[in-house]
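Beneath this line is the structure, given in structure tokens, with notes to follow.
Please read all numbers here as calculations on a predicted model, not as lab measurements.
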Amino acid sequence: MLNGEIRVEDAMHSSVVTLSPDERLDVANDIMSLGRIRHMPVVAGDRVVGILTQRDLFRAAISSVLNFRPAAEREWLQKIHVSEVRAQPVVTAQPAWTVRRAVEVMTEHVIDCLPVVDGGQLVGLLSESDCLRLLVQMLRPPTLGPRS
């Protein structure tokens with residue numbers, strides 16, 4: 001904790017699934033569906049170059065939705081590279097930031113998560129769900145100790 005405030009590194013997920021810019025959206029869609037993942041940093045080498053969200057996938061697949069055929073959607077997504085739809089430039093956080101600062105940045109940029117970088121290298125991901133879990137913990141009433 002920094003001045004009584006929780007730091008990003010204490011609230012983030014450090015195990016992050018990433019994509020490379022040249023991967024195709026069908027692979028990203030499979031990973032997101034199977035892993036129940038909503039945000040995936042796009043990494044070139046060890047540098048974060050974007051982020052792909054479920055919303056990006058939905059937008060990319062919208063033309064195939066009219067067909068209502070999963071096979072047609074998958075075929076369409078196979079043609080699109082992650083680099084074509086990733087959000088960029090990517091807004092990032094640092095591990096030593098307070099969660100308050102990270103939430104302010106997320107609110108200012110109207111985004112749902114922040115890749116966390118240290119020295120330019122990805123070390124985690126802080127999502128709005130992580131922040132909400134933290135809020136629930138903070139609002140939980142203190143438990144009483146054993147009675148004497």
Side-chain angles (χ1 to χ4, degrees), residues 1-2 4-141:
M1 279 215 237
L2 181 67
E5 291 202 49
I6 299 169
R7 295 188 311 183
V8 166
E9 66 187 345
D10 298 323
M12 71 182 191
H13 281 89
S14 55
S15 177
V16 181
V17 179
T18 63
L19 294 165
S20 70
D22 60 338
E23 289 188 82
R24 300 196 188 275
L25 291 188
D26 62 321
V27 172
N29 187 48
D30 289 347
I31 293 169
M32 287 180 152
S33 296
L34 292 172
R36 295 182 54 183
I37 299 170
R38 295 184 314 156
H39 313 94
M40 293 180 69
V42 181
V43 178
D46 62 354
R47 200 171 126 254
V48 179
V49 296
I51 191 155
L52 184 74
T53 67
Q54 278 186 328
R55 192 176 301 135
D56 298 326
L57 281 175
F58 293 147
R59 274 191 230 124
I62 197 74
S63 62
S64 65
V65 170
L66 299 176
N67 295 331
F68 294 108
R69 291 184 355 224
E73 179 178 337
R74 183 161 182 77
E75 184 179 320
W76 176 252
L77 291 178
Q78 286 175 339
K79 298 176 184 179
I80 304 170
H81 288 95
V82 167
S83 61
E84 296 176 58
V85 297
R86 70 179 182 221
Q88 62 179 11
V90 64
V91 179
T92 62
Q94 296 177 9
W97 281 12
T98 63
V99 171
R100 176 190 309 264
R101 179 175 180 189
V103 169
E104 289 170 349
V105 169
M106 289 165 64
T107 303
E108 176 186 336
H109 291 276
V110 193
I111 54 178
D112 300 335
C113 74
L114 290 168
V116 182
V117 295
D118 190 9
Q121 191 166 14
L122 181 69
V123 295
L125 187 75
L126 181 72
S127 70
E128 65 182 359
S129 296
D130 298 325
C131 297
L132 288 172
R133 269 190 289 279
L134 184 59
L135 179 62
V136 166
Q137 290 174 4
M138 294 172 69
L139 294 176
R140 191 170 287 140

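Separating the CG atom in Leu122 from the OG atom in Ser14 is a distance of 10.0 Å, to the nearest 0.5 Å. Between Arg140 atom CZ and Leu135 atom CG the span is 11.0 Å, to the nearest 0.5 Å. A distance of 5.5 Å separates CG in Leu57 from CG in Leu25, rounded to the nearest 0.5 Å. Arg38 contributes atom CZ, which lies 9.5 Å from atom OG1 of Thr53 (distance to the nearest 0.5 angstrom). One finds the NE2 atom of His13 at 12.0 Å from the NE2 atom of His39 (value rounded to the nearest 0.5 Å). Taking CZ from Arg7 and CG from Leu126, the interatomic distance works out to 13.5 Å, rounded to the nearest 0.5 Å.
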Please walk me through it: do Asp130 and Leu134 pass side chain to side chain contact (heavy atoms under 4.5 Å, CB included)?
CA-CA 6 Å; Asp130 298 325; Leu134 184 59; over 6 Å; no
Start with the C-alpha distance between Trp97 and Val105, add both sets of side-chain angles, then the distance that settles side chain to side chain contact (heavy atoms under 4.5 Å, CB included), and finish with yes or no.
CA-CA 11 Å; Trp97 281 12; Val105 169; 3.8 Å; yes
If you apply the rule side chain to side chain contact (heavy atoms under 4.5 Å, CB included), what do you find for Leu114 with Met12, and how did you get there?
CA-CA 9 Å; Leu114 290 168; Met12 71 182 191; over 6 Å; no
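When each of Val16, Val17, Thr18 is checked for a side chain to side chain contact (heavy atoms under 4.5 Å, CB included) with Leu125, only Val16 meets the rule.
Residues Val91 and Glu108 form no side-chain contact, since every pair of their non-hydrogen atoms from C-beta on lies 4.5 Å or further apart. Using a 4.5 Å cut-off on side-chain heavy atoms (C-beta onward), Ile31 and Leu19 make contact. You'll find the side chain of Val90 stays beyond 4.5 Å of the side chain of Pro41, heavy atoms only. Using a 4.5 Å cut-off on side-chain heavy atoms (C-beta onward), Glu9 and Asp118 make no contact.
Heavy atoms of other residues, nucleotides or ligands lying less than 6.0 angstrom from CZ of Arg133 number more than 12.
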